[in-house]
Number of protein chains: 2
Amino acid sequence: MVTSTTLQRAKRADALRNYEQILTVAKEAFAEDGPDASLEEIARRAGVGVGTLYRHFPTRFALQEAVLRDGIEELAAKADELLDAPSPGEALAQWLRAQLLNDSRNHGLGAAVVASMPEWNNSGSCQRMTASAAALLARAQAAGEVRSDIDAPSLLHLVHGIALAHQHAPDTVRAEKLLAIMLDGLRP
Amino acid sequence: MVTSTTLQRAKRADALRNYEQILTVAKEAFAEDGPDASLEEIARRAGVGVGTLYRHFPTRFALQEAVLRDGIEELAAKADELLDAPSPGEALAQWLRAQLLNDSRNHGLGAAVVASMPEWNNSGSCQRMTASAAALLARAQAAGEVRSDIDAPSLLHLVHGIALAHQHAPDTVRAEKLLAIMLDGLRP
DNA sequence: ACCTGAACACCGTTCAAGT
DNA sequence: ACCTGAACACCGTTCAAGT
């Protein structure tokens with residue numbers, strides 16, 4: 001797995017330390033205070049000047065995307081694995097459940113970013129998730145296990161919608177039941 | 001129809017005028033700038049001191065709920081009508097479509113409030129919508145047109161999730177297609 | 001190169017003073 | 001009763017000065 005760390009190239013040691021520290025603190029802050037958590041406080045808690053935070057993450061969205069990156073890499077990897085699974089329909093269902101789980105793991109940050117950050121649609125993360133979803137979906141449709149009149153973006157919208165609707169009452173059971181209902185609706 | 005105006009009792013004329021003016025401006029502001037629109041600017045554009053805004057609407061949520069109130073009254077009324085419609089399943093579907101339409105009419109404010117304001121669940125508006133949904137749902141379930149293992153809050157969560165996922169690309173066609181898929185999933 | 005923190009503009013919220 | 005707007009605290013963002 002390629003982590004954000006290994007992607008850093010030739011940074012000074014202190015810069016790298018700061019980068020990681022900001023990321024760690026940001027993860028906590030977003031979980032506690034939501035997607036609008038104070039950047040100033042994140043910098044403070046990371047023991048870093050605000051300017052340093054802005055240097056590493058020029059926009060709030062950049063920081064949010066960085067926080068989400070690990071989970072997204074994992075989901076992409078999981079999608080690749082699932083492309084070899086025996087039942088294409090079940091593989092898709094499993095991956096969508098993983099999406100839901102990931103959304104709840106980061107306390108709804110993912111879903112919130114998708115819904116309220118216009119930049120999301122043009123981000124690499126979005127393209128990556130859409131590509132994974134499209135591959136799994138195409139296979140399930142080719143196998144006749146999923147109706148053909150739905151596309152990958154719609155599918156992701158639905159899952160994130162379910163996640164969003166539960167971000168303030170993170171009832172995993174209920175969320176998974178809604179996903180099950182949605183999956184029933186996906187049958188041809 | 002009972003409007004918010006007729007609910008005001010014995011206010012001074014200028015107070016009432018201010019109340020209405022703030023509401024009008026807030027509606028525009030939320031549509032333009034989203035649910036976090038500046039309260040200060042709303043007051044300014046309404047030609048009113050900030051204190052006056054706070055007097056009428058002690059919290060941001062109070063103002064948001066007031067902006068949404070008319071649409072909610074309409075939906076509640078529509079639900080009452082639809083309880084007499086011939087097909088219980090179709091009546092439910094129609095009402096859910098109206099929910100979606102209402103969400104897009106106020107530029108996603110409704111869905112955003114539902115998702116990001118913890119106060120929502122305890123609000124009268126929420127109880128009202130849940131009651132309407134429950135009545136239509138119960139009838140559809142009794143008629144055997146909708147599966148019995150879903151409840152009204154889940155149903156509303158799903159619809160608002162769909163609306164939320166589209167608030168930054170308000171593609172009505174796509175949203176309605178997702179709703180149709182969800183409705184398919186609701187069949188017994 | 002990278003970091004710091006002061007500086008500026010802006011917003012949320014309260015409250016003393018006004019009518 | 002209701003309104004106003006100044007006052008305070010806080011945050012986002014930039015940028016000159018430092019290492």
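Quick note on labels: first sequence line is chain A, next is B, and so on, each numbered from 1. These numbers come from the heavy atoms of this one structure, side chains and all, not from hydrogens, waters or symmetry mates.
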Self-check item: Nucleotide paired to C:dC2 in any strand shown, Watson-Crick or G-U, under 3.5 Å
Solution: D:dG18

Quiz item: Looking at the side chain of B:Glu40, which of C:dC2, D:dG5, C:dC11 is the nearest nucleotide?
Solution: C:dC11

Quiz item: Does any N or O in the side chain of B:Arg60 come within less than 3.5 Å of the main-chain N or O of B:Pro35, such that one atom is a donor and the other an acceptor?
Solution: yes

Quiz prompt | Side chain of A:His56 (C-beta onward), nearest among D:dC3, C:dC3, C:dT13 | solution = C:dC3

Practice problem: Describe the nucleic acid contact of B:Ser38 in one word from base, sugar-phosphate, nothing, applying a heavy-atom distance below 4.0 Å. | Solution: sugar-phosphate

Practice problem: Say whether, by atom type as modelled, one donor and one acceptor occur between the side chain of A:Arg128 and the main chain of A:Glu73 under 3.5 angstrom. | Solution: no

Exercise. Select base, sugar-phosphate, or nothing to describe what B:Val48 touches, counting heavy atoms under 4.0 Å on all strands.
Key: sugar-phosphate

Quiz prompt | Base partner of D:dA7, which must satisfy Watson-Crick or wobble distances under 3.5 Å | solution = C:dT13

Practice problem: Tell me which nucleotide among D:dG12, C:dC3, C:dT13 gets nearest to the side chain of B:Leu39. | Solution: C:dT13

Practice problem: Using whole Å, report how far CZ of A:Arg60 lies from P of D:dT14. | Solution: 13 Å

Quiz item: Which whole-number value in Å describes the distance from A:Glu41 CD to C:dG5 P?
Solution: 17 Å

Exercise. Answer yes if the side chains of A:Arg174 and B:Ser154 hold a donor-acceptor pair under 3.5 Å, and no otherwise.
Key: yes

Quiz prompt | side-chain N/O A:Asn18 vs C:dC2 OP1/OP2, d < 4.0 Å | solution = no

Practice problem: Have a look at A:Arg55 and say if it touches a base, only the backbone sugar-phosphate, or nothing, with a 4.0 Å heavy-atom cut-off. | Solution: base

Quiz item: How close or far is atom P of D:dG12 from atom CG of B:Asp36, stated in whole angstroms?
Solution: 12 Å

Quiz prompt | Separation of atom CZ in B:Phe61 from atom P in C:dG12, rounded to whole Å | solution = 18 Å

Quiz item: From the list C:dC3, C:dA6, C:dG12, which nucleotide is the closest neighbour of the side chain of B:Tyr54?
Solution: C:dG12

Self-check item: Check: A:Leu92 main-chain N/O paired with A:Arg97 side-chain donor or acceptor under 3.5 Å
Solution: no

Quiz item: C:dC10 P sits how many Å from B:Arg44 CZ, rounded?
Solution: 9 Å

Quiz prompt | B:Gln141 (side chain) donor-acceptor with B:Arg147 (main chain) under 3.5 angstrom | solution = yes

Self-check item: For atom CD1 of A:Ile22 and atom C1' of C:dT4, their distance in whole Å
Solution: 12 Å

Exercise. Return the value, rounded to whole Å, for the distance between atom CZ of A:Arg17 and atom C1' of C:dC3.
Key: 12 Å

Quiz prompt | Atom pair distance, as rounded to whole Å: CZ in B:Phe57 and P in C:dG12 | solution = 15 Å

